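Heavy atoms only: backbone and side chains are in, while hydrogens, waters and symmetry mates are out. Residue numbering restarts at 1 for every chain, and letters A, B, ... go by the order of the sequence lines. Everything numeric here is computed off the predicted structure, so don't read it as measured data.
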Amino acid sequence: SVPPGVLPLCRRLPAWGRAVRQHPGLPLAPCRAFSNNKIQVEMNESSGVATMKFKSPPVNSLSLDFLTEFCISLEKLENDRACRGVILTSAIPKIFSSGLDITEMCGKSTEHYAEFWRAVQEIWLRLYSSNMVTLAVINGSSPAGGCLIALSCDYRIMAENPKYTIGLNEAQLGIVAPFWFKDTFVNVVGQRVAERSLQLGSLYPAPEALKFGIVDELVPEEKLQEKATAVMAQWLALPDHARQITKSMMRKTVLDRLVAHREEDIKNFISFVSKESIQKSLRMYMEMLKKKKS
Amino acid sequence: SVPPGVLPLCRRLPAWGRAVRQHPGLPLAPCRAFSNNKIQVEMNESSGVATMKFKSPPVNSLSLDFLTEFCISLEKLENDRACRGVILTSAIPKIFSSGLDITEMCGKSTEHYAEFWRAVQEIWLRLYSSNMVTLAVINGSSPAGGCLIALSCDYRIMAENPKYTIGLNEAQLGIVAPFWFKDTFVNVVGQRVAERSLQLGSLYPAPEALKFGIVDELVPEEKLQEKATAVMAQWLALPDHARQITKSMMRKTVLDRLVAHREEDIKNFISFVSKESIQKSLRMYMEMLKKKKS
Amino acid sequence: SVPPGVLPLCRRLPAWGRAVRQHPGLPLAPCRAFSNNKIQVEMNESSGVATMKFKSPPVNSLSLDFLTEFCISLEKLENDRACRGVILTSAIPKIFSSGLDITEMCGKSTEHYAEFWRAVQEIWLRLYSSNMVTLAVINGSSPAGGCLIALSCDYRIMAENPKYTIGLNEAQLGIVAPFWFKDTFVNVVGQRVAERSLQLGSLYPAPEALKFGIVDELVPEEKLQEKATAVMAQWLALPDHARQITKSMMRKTVLDRLVAHREEDIKNFISFVSKESIQKSLRMYMEMLKKKKS
């Protein structure tokens with residue numbers, strides 16, 4: 001399901017991460033719980049459902065390390081024939097993911113910016129085109145890149161808590177959401193809601209997120225697990241093959257667009273993030289976050 | 001309104017079926033009730049509205065014979081200047097149409113599969129591009145190809161009966177809805193509802209079909225006729241010419257896509273349906289239906 | 001923000017109208033209230049918000065003079081760095097704008113038709129691509145071209161009065177809405193609502209307009225001003241640059257389509273409006289309007 005030309009990040013992956021894909025005829029080792037550092041993966045072998053729990057304090061920000069681990073874990077599951085669905089959720093209270101890690105975008109080299117942005121693209125390409133059923137269980141706030149992760153899944157359940165917000169709020173920081181963030185958003189909420197929300201950088205409390213179609217269902221936080229199991233079972237009741245081809249047909253146009261403009265998109269990111277004005281506001285933003293903490 | 005290259009099926013049509021199109025200046029014979037076999041056509045000459053009643057027991061499945069007759073009847077009406085609108089409905093209780101006839105896809109020759117699929121394409125091309133106002137009066141369940149027929153009309157009224165369901169449920173049978181089924185669906189319900197529904201092969205009870213925009217209105221079954229007359233009158237109050245060009249402008253992209261990939265789409269169908277695994281599951285499915293009946 | 005090739009109308013503009021764009025480094029004269037004839041412009045220098053009040057009795061129809069003045073005023077504001085947002089509203093009770101002025105389309109020369117249509121295109125290109133926040137405060141009915149003006153803004157507030165209607169009702173007059181009217185409409189309400197509404201030439205009373213997404217909010221007429229100020233403040237709270245690029249990204253495809261087919265679109269308009277049958281029905285329509293008045 002991964003479009004051609006999508007693998008550069010994985011040249012850095014350990015060999016075990018790609019073994020199955022390269023030799024699809026080989027017998028598969030049973031996949032059990034594994035955890036590197038920032039993401040805890042549990043596999044229920046009877047249901048064929050894996051759960052990936054983001055556990056990168058304080059706010060599950062998408063650092064290069066986090067993205068690399070996310071990519072490795074996702075590929076491992078993708079290549080595991082016993083795994084048919086994956087649930088993405090957070091092990092940290094009140095936050096699903098805070099989005100891109102700003103420290104990766106501040107005072108680093110051009111090479112670092114390129115590597116970081118390629119990793120962001122990579123995780124989206126893999127998640128949006130995954131052959132598995134992907135279910136976001138949004139048990140906390142999910143701004144910007146965190147929202148993108150949720151939007152890239154097949155279905156979104158959110159905790160029924162108006163204190164949790166979700167949205168592509170890049171514009172509020174003076175940043176423009178990349179075209180493929182926009183495309184993914186339009187595919188979920190339609191052109192009009194996307195146009196207004198992206199311009200305003202809207203963060204929606206859970207009830208409004210439901211109203212505008214950003215998430216599919218709200219559930220009391222203590223029922224999230226139970227609901228996730230039920231929803232996943234409903235999706236897994238379908239034959240994989242027809243579902244996978246259907247998904248690919250629905251998402252192909254948008255996936256192809258990034259694949260076709262990937263290098264250009266990296267250059268744009270570098271040129272944007274290297275501006276002194278942007279560096280300055282990112283530094284100020286980080287100062288503000290530090291003060292807030294202490 | 002029919003795009004170029006759409007007429008191969010009609011080479012098989014009797015000459016009377018195409019006379020008007022070829023000689024648009026000739027006087028037209030008044031169109032009255034006619035019925036071949038599987039579709040009953042009545043023409044109300046004072047209102048200019050024809051009613052096509054599907055009457056092919058047990059479940060109005062879209063066999064090659066049904067599709068051919070459908071195509072002939074539709075073309076006859078299309079070429080009749082006195083006919084401005086057509087109502088599609090069923091003469092069989094509880095079912096609008098059960099969709100493609102599986103017996104046409106089972107144990108037949110490659111040539112037969114090609115002929116059958118071309119007929120399915122043909123009826124969609126004609127219906128989706130019809131110059132007439134097309135109104136689906138859905139007085140029973142309407143899965144898969146039956147749903148496509150309804151989606152291709154200008155407006156959909158459904159009986160307010162939660163036992164009647166409608167949807168593109170191909171995925172449930174392990175089949176992928178063709179891209180032009182998908183395009184037609186997206187044009188009605190939008191990308192997100194289509195993506196979820198096609199992957200899950202969802203069949204919606206009437207109230208949910210209304211909620212998701214698959215149909216435009218629900219009406220108690222005994223009021224369907226009356227409502228259909230009122231809705232048709234509303235559409236016919238508009239000047240034909242502007243309405244026809246507007247319709248063509250709205251649907252052109254999607255019509256052009258099938259016209260451009262028609263032969264490829266036929267090849268894909270043949271290659272899919274000829275697989276031993278598919279033949280096997282279709283045979284099992286037919287066995288199950290037979291047992292259910294007895 | 002204006003796409004290349006969009007400026008022919010402005011060759012007719014006085015030099016002051018383009019000075020700022022051509023010399024972006026020059027100091028700007030403070031922009032205060034100005035009014036030529038048909039549009040009253042007020043500038044609040046502390047908020048950076050201009051208000052354009054349509055004041056062309058009896059019904060703010062879009063004549064060539066009105067459009068030219070609209071274009072000049074809009075460009076003047078666009079080039080004024082102190083102006084970040086513009087509110088479009090009407091100074092005439094019960095009507096926002098009645099749409100294109102039919103007298104411009106009746107009994108005139110081919111050259112006149114071309115000039116008129118180019119001016120209609122121009123105002124849409126400028127408004128739809130404006131760098132300012134554009135807010136339509138719809139304090140009266142707004143059919144056809146009047147609806148297009150509203151649809152081209154970033155946000156629409158309408159008076160909560162069911163006697164006021166809005167919609168692209170061209171089909172009711174036997175006219176086909178141009179493809180870029182359609183594109184703008186689809187971007188606001190989606191494909192399905194646009195397909196049905198354009199074919200039926202639907203004019204929606206305010207409550208239905210809200211339901212179908214044609215406007216974003218209804219407000220009691222006496223609260224319109226207050227609400228407009230609040231909404232504008234919300235939009236202006238965002239950094240301009242990110243908002244502008246985001247807007248451009250969302251609207252580019254549709255803007256580019258007219259720019260690419262502009263001359264063809266003018267030819268189509270001339271060929272349509274020059275038909276004797278159309279001239280006849282426009283004359284009849286004007287007679288009807290005259291009788292209605294007296």
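Contacts of residues 143-172 of chain C with chain B at a heavy-atom distance below 4.5 Å involve C:Ala171, C:Gln172, listed in sequence order. Proximity to chain B at a heavy-atom threshold of 4.5 Å picks out C:Ala194, C:Glu195, C:Arg196, C:Leu198, C:Gln199, C:Leu200, C:Gly201 from residues 194-202 of chain C, in numerical order.
The structure places OG1 of B:Thr253 at 8.0 Å from CD of C:Gln191, a figure rounded to the nearest 0.5 Å. Distance OG1/B:Thr246 to CZ/C:Phe179: 14.0 Å, rounded to 0.5 Å.
By the 6.0 Å contact criterion, CZ on C:Phe272 is enclosed, its count of non-hydrogen atoms from other residues, nucleotides or ligands being greater than 12. The number of heavy atoms from other shown groups lying within 6.0 Å of CE (C:Met288) is above 12. Shown here is C:Lys108, whose NZ atom has more than 12 heavy atoms of other residues, nucleotides or ligands within 6.0 Å. Other residues, nucleotides and ligands place no more than 12 heavy atoms under 6.0 Å from the NE2 atom of B:His241.
In this structure, C:Val186 and B:Met250 have side chains that are in contact, with non-hydrogen atoms separated by less than 4.5 Å.
Both the backbone and the side chain of B:Gln234 come within contact range of chain C, judged by heavy atoms closer than 4.5 Å. Contact annotation for C:Val193: neither backbone nor side-chain heavy atoms come within less than 4.5 Å of a heavy atom of chain B.
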